[in-house]
**Q** 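Structure in structure tokens, see below.
Each chain gets a letter, A, B and so on, in the order the sequences are listed, and its residues count up from 1.
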Number of protein chains: 2
Amino acid sequence: MTEKRAKNVTIIEVARLAGVSTATAGRVLGGYGYSSESIRDKVREAAEKLGYRPNLLARGLITGKTQTIGVVAGDMESPFYASVLRGIADVARSRGFGIVVTNSDEILQREREAVQLLTEKQVDGMIVAPSDLQTAQHLREIVAAGCPIVQIDRLVHGLEADAVTVDNVQGAKACIEHVIAAGHRRIGLISELEQFAAGDLKSFIDLEAHGRVDAATLYPSWQRLVGYLQAHREAGIPVELDLVRRVGAYSAEAAKEETLDLLQGNGRPTALFTTDGLMSAGTMDAISELALDLPQDLSIICFDDLEWMRFLRPGISAIAQPLNEMGRTAARLILARINGDTSPFQHQILAPSMRVRGSVAPLKAEGHQGSNRPERRKSAKA
Amino acid sequence: MTEKRAKNVTIIEVARLAGVSTATAGRVLGGYGYSSESIRDKVREAAEKLGYRPNLLARGLITGKTQTIGVVAGDMESPFYASVLRGIADVARSRGFGIVVTNSDEILQREREAVQLLTEKQVDGMIVAPSDLQTAQHLREIVAAGCPIVQIDRLVHGLEADAVTVDNVQGAKACIEHVIAAGHRRIGLISELEQFAAGDLKSFIDLEAHGRVDAATLYPSWQRLVGYLQAHREAGIPVELDLVRRVGAYSAEAAKEETLDLLQGNGRPTALFTTDGLMSAGTMDAISELALDLPQDLSIICFDDLEWMRFLRPGISAIAQPLNEMGRTAARLILARINGDTSPFQHQILAPSMRVRGSVAPLKAEGHQGSNRPERRKSAKA
DNA sequence: TGATACTATGAGAACGTTCGCACAAACAAC
DNA sequence: GTTGTTTGTGCGAACGTTCTCATAGTATCA
């Protein structure tokens with residue numbers, strides 16, 4: 001009954017039935033070259049009757065184009081990548097392209113293997129969220145081999161390729177400015193800050209203070225830290241090192257622990273800034289466990305706008321990244337390159353947007369949260 | 001400088017450099033057939049030196065296998081599909097397979113186009129969340145053409161293919177039983193219930209009451225309704241039609257409206273059951289807008305366990321689907337078929353698990369919510 | 001000793017398309 | 001009327017692999 005290896009009908013059979021050569025049948029069915037109307041009808045009718053479906057492998061082998069985009073995401077299960085992927089998929093579909101997706105889990109070795117697989121599958125181009133922003137030898141190699149790449153979310157130093165990122169510095173800065181405007185002076189930061197290798201937090205902050213940091217090829221969470229620092233500097237508020245919490249792992253559980261430590265210790269901040277969705281979840285978990293009332297006991301603002309922030313009373317203020325747009329833009333860029341665009345490489349920086357809800361409250365002068373520290377007095381000055 | 005179309009090194013050049021035939025080089029590099037150790041070394045060395053990478057298109061063309069799984073998801077941006085996809089991707093990767101993913105948005109025409117594209121790309125098998133559970137002609141065709149399929153989340157009536165689903169009836173029933181055990185008798189249901197065509201809600205409920213409903217090939221939200229009905233019947237509680245809310249669209253906004261209508265009308269239920277993540281979000285939005293306190297003013301339990309249910313006080317009780325596992329199982333099944341497994345088609349039904357948190361409270365006898373209706377009196381009897 | 005494996009290699013076909021070229025007819029331009 | 005350009009068609013090569021088959025050496029076994 002069911003044939004094990006059902007032979008598909010090929011262009012040869014269609015050509016035979018239509019009484020033309022395979023070349024002619026190919027021109028009709030493939031939509032290239034010349035063909036007369038009468039023959040077109042005949043061939044199409046034959047194809048229809050036989051149920052002909054082109055074999056894209058064979059076509060790809062000879063044309064060198066597979067109509068496929070390879071995507072290396074960090075983790076397609078996360079809301080971030082899921083939304084970006086959706087954007088990519090939509091644009092790809094509208095142009096007749098397929099996407100083959102892989103997860104790197106932000107591990108360099110995984111990314112290498114993924115890139116390797118995609119290369120062997122002969123994808124026409126790749127969209128990659130690079131794990132390693134320094135060397136990225138494998139990416140340079142495939143670019144050199146003629147496979148276009150678009151980077152998303154972050155930027156490999158000196159890689160000749162287009163990129164789409166979000167303005168993390170400005171986004172974070174806007175958050176902190178918003179909180180400062182509400183009178184807060186002691187603002188805690190809960191951030192991943194994992195991958196940066198060069199030294200400790202303190203030296204990074206010093207470097208940044210002296211304008212020695214090039215934010216462009218930093219990891220997003222470090223860029224958001226830069227925004228945090230800039231906002232403080234411009235408001236004339238010294239940064240308290242104790243308030244800057246480096247979780248050191250991309251884990252909600254770890255973020256929760258760090259937040260508990262921050263909130264239960266002496267000198268609790270009056271406001272909190274979390275630098276991505278996972279940190280926010282862990283932080284909210286901690287706040288829930290401590291049964292703190294927002295925003296009376298604590299103000300909070302988050303990078304990444306998640307679904308629940310809308311209805312978790314009093315509504316969590318957040319800055320939203322245009323994730324779908326990031327995917328769509330990346331897809332458009334890669335498709336342009338695939339179509340032979342040779343214009344200079346561009347780096348598109350998308351603007352995030354603020355969603356003000358109810359989680360940032362004006363700082364009460366005689367509040368009972370936090371301790372009586374110099375910074376509290378300063379708030380009266382503003 | 002940068003070559004436009006960089007010719008890749010082929011097996012021919014490797015063979016030449018190693019001083020063997022292409023057939024021999026192929027056997028070494030492709031890992032099939034016989035080859036002596038001395039020649040293996042020579043060939044591998046040559047391949048290494050030239051930076052040889054196999055062209056999987058060419059290999060696929062001749063072997064008829066692409067080492068690729070096609071996936072037709074509803075919307076990979078939703079937490080549901082994102083998690084399922086991740087499960088699929090993990091298993092696929094571990095076996096050296098790639099996945100090409102598409103979104104159908106649960107629209108039949110989109111699904112057809114997706115299946116078509118995947119067919120032409122010669123995927124070895126497909127994992128599909130079917131949109132149409134009745135005819136699904138396109139799926140039957142490709143199965144007949146010898147391309148194995150695994151269905152996820154739901155089941156096409158009479159399709160000869162493996163399937164992985166969740167036990168929606170039992171899951172929903174467990175939720176309702178849990179709520180009933182807390183003393184509730186008037187339990188509202190917020191559910192999509194969109195696609196079922198045969199008649200209105202009332203006639204479905206009647207049909208179900210007479211055992212005339214085959215739950216197997218129902219859409220999940222209808223299966224969950226069945227669980228709701230069964231739990232009521234077994235507890236001897238009559239179903240109040242007014243409490244069963246058919247949102248009619250897969251939209252959080254619509255769910256919110258429906259919930260507002262339910263909670264603001266006469267005879268407000270004392271507990272709520274939402275049948276999927278999107279409904280839950282819309283419902284929570286409504287509850288937040290009405291400023292109801294959970295669980296004092298209202299108990300709630302949800303199908304689908306979302307991240308925020310953990311830390312949104314008092315913690316939302318929910319039933320969690322094993323989504324990763326669903327993807328992993330589906331991937332394993334399709335890989336088995338691809339490897340020639342011809343055992344009878346199987347339908348794996350995964351058990352969801354209850355996460356009891358704080359959103360279901362015992363019903364107070366003299367509560368001020370709801371009206372004094374017969375059902376309230378019955379609660380004393382139980 | 002012969003028969004029967006198993007191992008090892010190469011020549012050339014095959015997979016299903018598109019590409020390059022040759023040829024011819026039709027039509028336009030001078 | 002010649003020349004050129006556009007249109008239409010077919011033949012056979014090409015894409016980069018693996019497959020089939022032929023050939024041959026070397027163990028293994030009765």
Side-chain angles (χ1 to χ4, degrees), chain A residues 5-44 46-47 50-68 117 119-124 145-146, chain B residues 5-44 46-47 50-68 117 119-124 145-146:
Chain A
R5 173 106 212 103
K7 288 276 291 174
N8 280 324
V9 355
T10 75
I11 213 167
I12 300 180
E13 301 160 54
V14 174
R16 183 151 42 214
L17 180 59
V20 297
S21 72
T22 62
T24 299
R27 277 186 283 256
V28 174
L29 269 11
Y32 54 91
Y34 293 110
S35 57
S36 66
E37 197 163 340
S38 61
I39 284 219
R40 271 202 292 275
D41 291 344
K42 259 198 303 189
V43 171
R44 278 204 265 260
L50 297 176
Y52 169 78
R53 296 285 165 247
N55 182 328
L56 264 28
L57 287 191
R59 177 179 295 170
L61 181 56
I62 192 160
T63 61
K65 296 287 171 195
T66 51
Q67 305 266 97
T68 302
L117 181 69
T119 307
E120 295 180 358
K121 281 195 185 300
Q122 313 291 122
V123 298
D124 298 333
Chain B
R5 174 103 213 107
K7 289 274 293 176
N8 280 324
V9 356
T10 74
I11 211 166
I12 300 180
E13 301 160 54
V14 174
R16 185 152 39 215
L17 179 59
V20 298
S21 70
T22 62
T24 300
R27 277 186 284 257
V28 174
L29 268 10
Y32 53 92
Y34 292 111
S35 57
S36 66
E37 195 162 342
S38 62
I39 282 222
R40 271 202 292 277
D41 290 345
K42 259 198 303 188
V43 171
R44 279 203 265 260
L50 297 177
Y52 168 78
R53 296 285 164 247
N55 182 326
L56 264 29
L57 286 190
R59 178 179 294 171
L61 181 57
I62 192 160
T63 61
K65 296 287 171 196
T66 52
Q67 304 266 98
T68 303
L117 180 70
T119 307
E120 295 180 358
K121 281 194 184 301
Q122 313 292 122
V123 298
D124 297 333

**Q** When the distance from OH of A:Tyr32 to P of D:dT9 is rounded to whole Å, what number comes out?
**A**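 It works out to 14 Å between those atoms.
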**Q** Does B:Ile39 reach the side chain of B:Val28, with side-chain heavy atoms less than 4.5 Å apart?
**A**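 B:Ile39 vs B:Val28: side chains touch.
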**Q** Need to verify one output field. Residue with the more 5' nearest nucleotide on DNA chain C, A:Pro54 or B:Gly33?
**A**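 Result of the comparison: B:Gly33.
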**Q** Calculate the interatomic distance between A:Arg16 atom CZ and D:dC11 atom C1'; express it in whole Å.
**A**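 Going from CZ in A:Arg16 over to C1' in D:dC11 covers 16 Å.
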**Q** What nucleotide, of C:dT17, C:dC19, C:dG10, holds the atom closest to the side chain of A:Ala23?
**A**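 Of the candidates, C:dC19 comes closest.
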**Q** Nearest of D:dT20, C:dC15, D:dC11 to any side-chain atom of A:Ser21?
**A**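 Comparing D:dT20, C:dC15, D:dC11 against the side chain of A:Ser21, the answer is D:dC11.
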**Q** By nearest atom, which of the nucleotides C:dT18, D:dG16, C:dG16 is closest to the A:Ile62 side chain?
**A**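 Nearest nucleotide to the side chain: C:dT18.
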**Q** Can you check whether B:Thr63 has a side-chain N or O nearer than 4.0 Å to OP1 or OP2 of D:dT18?
**A**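 False: B:Thr63 side-chain N/O out of range (4.0 Å or more) of D:dT18 OP1/OP2.
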**Q** Please check if the side chain of B:Glu120 supplies one atom and the backbone of B:Leu117 the other of a donor-acceptor pair under 3.5 Å.
**A**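 Pair absent, no side-chain N/O of B:Glu120 close to backbone of B:Leu117.
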**Q** To the nearest Å, how far apart are B:Ile11 CD1 and D:dC19 P?
**A**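 After rounding, the gap between these two atoms is 11 Å.
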**Q** From A:Thr63 OG1 over to A:Asp124 CG, what is the distance, rounded to the nearest 0.5 angstrom?
**A**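 So the OG1 of A:Thr63 and the CG of A:Asp124 are separated by 8.0 Å.
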**Q** Would you kindly give the CG-to-C1' distance between A:Asn55 and C:dT18, to the nearest whole Å?
**A**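 Going from CG in A:Asn55 over to C1' in C:dT18 covers 13 Å.
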**Q** In whole angstrom, give the distance that lies between atom CD of B:Gln122 and atom C1' of C:dC15.
**A**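 The answer, rounded to whole Å, is 11 Å.
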**Q** Donor-acceptor pair, A:Thr66 side chain versus A:Gln122 backbone, under 3.5 Å?
**A**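 A pair under 3.5 Å: yes.
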**Q** Does some side-chain heavy atom of A:Ile11 sit less than 4.5 Å from a side-chain heavy atom of A:Leu29?
**A**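 A side-chain contact under 4.5 Å exists here.
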**Q** Out of D:dT9, C:dT9, C:dT18, which has the shortest distance to the side chain of A:Thr22?
**A**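 For A:Thr22, the side-chain atoms sit closest to C:dT18.
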**Q** Does B:Ile39 reach a base, just sugar-phosphate, or nothing at all? Heavy atoms under 4.0 Å.
**A**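 It contacts sugar-phosphate atoms only.
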**Q** Write down the distance between CD1 (A:Ile12) and P (D:dA13), rounded to a whole number of angstrom.
**A**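 Nearest whole value for this atom pair: 15 Å.
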**Q** Look at the side chain of B:Thr10 and decide which nucleotide, out of D:dT17, C:dG16, C:dG12, has an atom nearest to it.
**A**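 Output: D:dT17.
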**Q** From the options C:dT9, D:dT17, D:dT9, select the nucleotide whose nearest atom is closest to the side chain of A:Ser36.
**A**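 The answer is D:dT9, which lies nearest to the side chain.
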**Q** On DNA chain C, nearest-nucleotide positions of A:Arg53 versus B:Ala25: which is more 5'?
**A**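 Looking at the nearest nucleotide for each, B:Ala25 comes out on the 5' side.
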**Q** Among C:dC15, C:dG20, C:dT7, which is the nearest nucleotide to the side chain of A:Arg27?
**A**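 The nucleotide sitting nearest to the side chain is C:dG20.
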**Q** If I take atom CD in residue A:Glu120 and atom C1' in nucleotide D:dT17, what distance separates them, rounded to the nearest angstrom?
**A**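 Answer to the nearest Å: 13 Å.
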**Q** Between the base of D:dG8 and the side chain of A:Arg40, is there any donor-acceptor pair under 3.5 Å?
**A**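 No, no donor-acceptor pair under 3.5 Å.
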**Q** Between P on D:dT18 and CG on B:Leu29, what's the gap in Å once rounded to a whole number?
**A**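 So the CG-P distance, B:Leu29 to D:dT18, works out to 8 Å.
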**Q** Side chain of B:Tyr34 only, please: which of C:dT18, C:dT9, D:dT18 is the nearest?
**A**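 Output: C:dT9.
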**Q** Of all the choices, C:dG16, D:dT9, C:dT9, which nucleotide is nearest to the side chain of A:Ser35 once you look at every atom?
**A**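 Nucleotide nearest to A:Ser35's side chain: D:dT9.
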**Q** Name the closest nucleotide to the A:Tyr52 side chain, picking from D:dG16, C:dT17, D:dT7.
**A**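 Per side-chain heavy atoms of A:Tyr52, the pick is C:dT17.
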**Q** NZ of B:Lys65 to CG of A:Leu57: how many Å apart, nearest 0.5 Å?
**A**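 One gets 12.0 Å once the value is rounded to the nearest 0.5 Å.
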